[in-house]
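Written below as structure tokens is the structure these notes are about.
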Amino acid sequence: MNYNFNEIEAKWQRYWAENETFKAEDHSAKPKYYVLDMFPYPSGAGLHVGHPLGYIASDIYARFKRHQGYNVLHPMGYDSFGLPAEQYAIQTGQHPAKTTEVNTARYREQLDRIGFSFDWSRQFKTSEPSYYKHTQMIFIHLFNSWYDKDADKARSITDLVACFEKEGNGSVNAHSDEDTPIFTSEEWKEMSTEAQEDLLQKYRLTYLADIEVNWCPELGTVLANDEIINGVSERGGHPVVRKKMKQWSMRITAYADRLLEGLSTIDWPQPLKDSQTNWIGRSEGAEVSFQVEGHQELIKVFTTRPDTLFGVSFMTLAPEHDLVTKITTDAQRAEVEAYIEETAKRSELDRMSDVKRITGAFTGAYVLHPFSGDRIPVWIGDYVLASYGTGAVMAVPCGDQRDYDFAKHFNLSIPNVFEGVSIEDEAFTDKGTTIIANSDFLNGLDYATAKRTMIDRLEAEGKGTGKVNYRLRDAVFSRQRYWGEPFPVYYVNGRPQMLPESVLPLELPEVTQYLPTEKGDPPLGNAKIWAWDAVNQKVVDVDLIDHQTIFPLELNTMPGWAGSSQYFNRFMDPHNETQLVDKEKVAYWKGVDLYIGGSEHAVTHLLYARFWQHFMHDLGLVSQPEFAKKLINQGMITGLSAIVYRKSKTNTYYSHGLIDFKDSSAENYIDHFEKLRVDVGLINSSDELDIEGLKNWQPQYADASFVLEKDRYIVGREVEKMSKRWYNVVNPDQICEEYGADALRLYEMFLGPLEQSKPWNTAGITGVSGFLKKLWKLYDSVNDENPSAESFKVLHKTIKKVQDDLESFSFNTSVSSFMICVNTLTSEKCFSRQILEPLAILVSPYAPHIAEELWVKLGNSPSIAHQPFPVFDASYLVESEKEYPVSFNGKMRFKITLSADASKDEIEKAVMAHEKTAEQLKGAAPKKVIVVPGKIVNIVV
RNA sequence: GCUCGAGUGGUGGAAUUGGUAGACACGUUGGACUUAAAAUCCAAUGACCAUUGCGGUCGUGCGGGUUCAAGUCCCGCCUCGAGUACCA
């Protein structure tokens, strides 16, 4: 019987669906295991062969865990809110929900074809009201919480209000805005509700704030930093300006330390942890106050090098710093104002491409050194960022390269506070070997001691404090878009109010158009029915807004990461209407055991999701502070483009081998050709071009002529991102059609290590395809004979290898060992049930369809999916004889054959007795014979 | 610039973590079976030298080092990839 993969695969996919083979139990005596993929955004283009790589890996692992007797949760859903569907809506008027519907259906079809063991009963989309209801609820929880630094967790805002009423905010150790004033309980009670709310906003974990944002007038929206490339929008390339706007913000900074500490408790790739650590950017140092000469004001600076405080020779403020106008002298005013104006005009583009340009202006003001009392000139310069630290730096040119460059450029003094170090050419930034000099009470101290001494002294004299600073900022949470979660918020007197939880979800309204309104309001400004009737508790027509009982609703929507910051919990209990996830269910499933996805989410999704999880854990909604124990970043599968070479100004194409890539004087030097990409579908396994196919592919090739080598046209190959415009996209459906889903799965794994990026080349799939055919053949004549020792050996070698590979996620080499196994069994003519039964289970995670079919062929009843994994028995691998390679001084080699369990002495004896040894040693006694049992014998002469 | 990661045949990649480098696969060459092609099967395949023999030399980006033994460890370079962008 032939191996008809199309028939077999369809049959088993149907069987799995009908029998719910992969449905996870919410309560089970079995140990649980949760395998999760980063769920996809269903784009209109569908899947190419690069997309399922991670899904295949996680599926293999999920299936392996089922064989090991685990109750496996392996769900899939869609992250369906997002910009492309909205852009499509703007262009075509097609409702994004409709587009999403079509795209998810197409994704589902493609995913099903590959034979994943997802529990589809748990599927959801982030754009479904029944799901985003819970996103809205978490938002409300955040609004109603503050961060208590003493308890080191989030607490209810009612606790805070109670405290304010009792004793004001003087004793509260909270993570709040820097400018929060101190007040007493009496002062609090006398405040208006509005004033109270304004104060509470400084504590809430999500709050409204005037934030300087990247506003793109053309797109009518705020853009995140990563949506701006070279100062223009990533989409469309429109100009972007900085503008202050009222935006929802997430107080993620409250969790900075916990997010940092949590990293040590999870098994995530080090580079990913590094980039999160980097992003959080914790730095320890001191805040130092400098008195402005002739003013009341103090200027505070943050520094990580308080040990170099005596090296300060000037101070630099960000041009936007609050005190700049106040302290600037009349003589300098014109220059300073001109400079400020100039920097404000400089776009992001200029600032980025011009990093090396040194600019600044002297304010005319001086501050006094806190210890020496020296007069220190105050400058402004755009290398100082308003948003980091205090927006001011104490410049120590001898110890910081930027300060050094600034000092050189403006001819400022560069005092040296390091012993025996030259600062002739550049600043000295090495902390390890520093000994401080010319620094009063710090002289002779090393870096660490000097730093501590200085901080102690600053604190004792009230001139500063030790301080920890973070690069991490609170996360802007508002987007001026339509296709996202609506905020459960309405406004009374301009102050935000949360909708009652009982009315959630607040569903996205219909709009007439998906663009911002003329007034610049977000698209929800176009909605007709979008006001809140607080009396009747329902959404009503905007025309009815009277600000008495009927109020405006929030017009912004939530950003893309809102929906993906908790979906992993939702899969544990996807149909729960009242809460995100049932307490008992989350207590059973706990968290994700294995999470697989791309590294592009290192500091967005993966950081925000950790933040929400920590918060939800504080509230007792989930059982673990970290949502994913182990994470693997799968590499990208790149495309292998096919290139034809057209001689310039002709329609003649030369085969790749005829082109000279080196000699620029050669007639066929590459520069005399144009490189054109052609569809990779026209290339066979030996890089040969189907010329007739090409002529029919595009009209420009119809009457082309070809210069061949060995009667063939060979194309050039280049590794590039898989993309339609390079004609190198390979569709998984087509591969499944031609070679089968099992071949696709095996080949994707076989291509190389999971984490690495590697090019797809369809030609190579014949290898795994051949393997499947051979495997199939083995089961044609199953018998009950006793297998040979060799057959047992290869089986158990394979069990060991495959199990080790699965546990270490090196799936690529498993495929190799399957091939070796099948080749050996074929040449041994081994068709024994004793071998073939465990082999089918071994193969089953990788190639599940054929495994199921083979299992039935052996006379078993379905399904193989929950059969116990074969047990490895080392005794089958014991050899009776073994070859021992022998080397002299690590060079000359020969082999001796001995019994496999030969002792060290026996090996040594045999080596010395060997005729070659005697000859090569020429009578000289060896100094040492080193025997590494089972490996190698080494003779030192 | 800084922080990670990687350099192994014509190609994708193995190498039990210091122990016979190149497993497995693609491609290539030769052969078998076919009227022929496809499919399948067999053999060879790192380079160079020797080939009527079993052999020899060189080989894991480059230069040093440690070791009986280095793709693997240490020092210094080069190249490529990813992330980040003046973070005081």
Side-chain angles (χ1 to χ4, degrees), chain A residues 225-226 269-275 277-279 281-283 285 301-305 308 315-316 318 351-352 354-358 381-385 387-396 399-403 405-406 469-473 599-600 602-603 633 635-636 640 684-687 717 719 746-747 750-753 755-771 773-774 777 800-801 804 810 812-820 823 826 883-891 893-895 926-930 932 934-941:
Chain A
N225 283 331
D226 51 290
Q270 197 55 43
L272 195 151
K273 287 187 180 183
D274 288 346
S275 60
T277 305
N278 240 310
W279 190 260
R282 186 181 202 273
S283 44
V301 300
F302 174 74
T303 176
T304 55
R305 298 293 303 272
T308 61
M315 177 176 280
T316 318
R351 280 177 89 150
M352 284 204 287
D354 239 12
V355 167
K356 288 279 165 274
R357 201 174 101 184
I358 296 161
D382 70 359
Y383 80 96
V384 178
L385 302 176
S387 52
Y388 182 79
T390 62
V393 302
M394 58 175 228
V396 183
D400 183 286
Q401 194 57 45
R402 286 155 310 165
D403 295 344
D405 295 340
F406 196 88
N469 228 321
Y470 300 90
R471 204 186 89 113
L472 182 73
R473 311 290 151 69
S599 56
E600 66 273 19
V603 289
N633 287 131
M636 206 184 13
L640 195 58
N684 80 359
S685 57
S686 354
D687 290 349
R717 312 287 332 231
V719 174
L746 281 170
Y747 189 50
F750 183 70
L751 272 178
E755 289 96 332
Q756 198 175 301
S757 91
K758 55 246 162 189
W760 175 273
N761 185 2
T762 305
I765 203 171
T766 54
V768 293
S769 176
F771 156 74
K773 285 178 196 162
K774 286 184 216 164
K777 253 194 165 154
K800 174 94 171 80
K801 179 74 179 138
D804 288 352
S810 13
N812 53 330
T813 49
S814 289
V815 183
S816 297
S817 54
F818 287 142
M819 290 175 178
I820 295 168
N823 286 340
T826 306
E883 275 193 332
Y884 291 83
V886 180
S887 76
F888 287 82
N889 283 345
K891 271 210 150 185
R893 295 188 197 98
F894 60 90
K895 287 167 186 176
K927 280 185 191 146
K928 204 160 55 164
V929 177
I930 300 160
V932 183
K935 288 187 174 166
I936 194 166
V937 184
N938 206 309
I939 302 176
V940 187
V941 184

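Nucleotides B/A47 and B/C41 place their C1' atoms 30 Å apart, quoted to the nearest Å. The P atoms of B/G59 and B/A69 are separated by 15 Å, rounded to the nearest whole Å. Only the P atoms considered, B/G64 is 15 Å distant from B/C58, to the nearest whole Å. A distance of about 32 Å separates the P atoms of B/G7 and B/C87, rounded to the whole Å. Between B/G18 and B/A70, the distance separating the two C1' atoms is 7 Å to the nearest Å. Between B/A6 and B/G56, the distance separating the two C1' atoms is 35 Å to the nearest Å. Rounded to whole Å, the separation between the P atoms of B/U28 and B/U16 comes to 31 Å. Comparing the P positions of B/U20 and B/G71 gives an interatomic distance of 10 Å, to the nearest angstrom.
For A/Thr304, taking side-chain heavy atoms from C-beta onward, the closest of the listed nucleotides B/A39, B/A88, B/C4 is B/A88. The side chain of A/Val384 lies closest to B/A88, out of B/G12, B/G83, B/A88. Taking every side-chain heavy atom of A/Asp382 into account, B/C86 is the closest of B/G12, B/C86, B/A88. Side-chain proximity of A/Lys758 to the nucleotides B/C87, B/G12, B/A14 is greatest for B/G12. Which of B/A85, B/C87, B/A39 sits closest to the side chain of A/Lys773 comes down to B/A39. Checking B/C24, B/G12, B/G83 against the side-chain heavy atoms of A/Ile820 singles out B/C24 as nearest. Here B/U84 is the nucleotide among B/U84, B/A14, B/A88 with the atom lying nearest to any side-chain atom of A/Trp279. Of the candidates B/C24, B/A85, B/C4, B/C4 carries the atom nearest the A/Asp274 side chain, counting heavy atoms from C-beta on.
Rounded to a whole Å, the CE atom of A/Met636 is 15 Å from the C1' atom of B/G5. Put simply, CG on A/Leu385 is 9 Å from C1' on B/A88, counting in whole angstrom units. Atom CG of A/Asn633 and atom P of B/G5 are 14 Å apart (whole Å). Note: OH (A/Tyr388) to C1' (B/C87) measures 4 Å, nearest angstrom. If you take CG of A/Asn812 and C1' of B/G12, they are 10 Å apart, rounded to a whole angstrom.
The closest donor-acceptor contact from the side chain of A/Asn469 to the backbone of A/Ser283 lies at 3.5 Å or more, if one exists at all. The main-chain N or O of A/Asn823 is never found under 3.5 Å from a side-chain atom of A/Lys774 such that the two would form a donor-acceptor pair. Looking at A/Tyr747, its side chain does come within 3.5 Å of a backbone N or O of A/Asn761 through a donor-acceptor pair.
Pairing of B/U79, defined by two Watson-Crick or G-U wobble distances under 3.5 Å, is identified with B/A6. A 3.5 Å limit on both hydrogen-bonding distances identifies B/A32 as the Watson-Crick or G-U partner of B/U40. Judged by Watson-Crick or G-U wobble contacts below 3.5 Å, the nucleotide B/G1 has B/U84 as its partner. Shown here, B/U20 forms no base pair; nothing in the strands shown gives a Watson-Crick or G-U wobble contact with both key distances under 3.5 Å. A 3.5 Å limit on both hydrogen-bonding distances identifies no Watson-Crick or G-U partner for B/U60. Shown here, B/G27 forms a base pair with B/U45; the pair counts as Watson-Crick or G-U wobble because both key distances fall under 3.5 Å. In a base pair of the Watson-Crick type (N1 to N3 plus N6-O4 or O6-N4) or a G-U wobble (N1-O2 and O6-N3), with each distance short of 3.5 Å, B/A15 is matched with no nucleotide.
For B/G9, the base adopts the syn conformation, since its glycosidic angle falls within 90 degrees of zero. Regarding the sugar-base torsion, B/U8 falls in the anti class, its angle being beyond 90° of 0.
OP1 and OP2 of B/G10 both lie 4.0 Å or more from every side-chain N or O belonging to A/Arg717. Remark: A/Gln756 is in phosphate contact with B/G13, judged by side-chain N or O atoms under 4.0 Å from OP1 or OP2.
Across all strands shown, A/Gln401 has no heavy atoms under 4.0 Å from either base or sugar-phosphate atoms. Nucleic acid contact class of A/Arg282 (heavy atoms, under 4.0 Å, all strands): none.
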What do the steps show when you test A/Trp279 against A/Leu472 for side chain to side chain contact (heavy atoms under 4.5 Å, CB included), and what is the final call? CA-CA 6 Å; A/Trp279 190 260; A/Leu472 182 73; 3.7 Å; yes
Verdict with reasoning, A/Met819 to A/Val768, per side chain to side chain contact (heavy atoms under 4.5 Å, CB included): CA-CA 8 Å; A/Met819 290 175 178; A/Val768 293; 3.6 Å; yes
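Minimum heavy-atom separation, A/Ser387 to A/Arg473: OG-NH1, 3.4 Å. Contact record, A/Thr303 with A/Arg305: OG1-N, 2.9 Å, taken as the closest heavy-atom pair.
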Protein-proximity profile, nucleotides 25-32 of chain B, B/S/- by nucleotide at the 4.0 Å heavy-atom cutoff, equals SSSS----
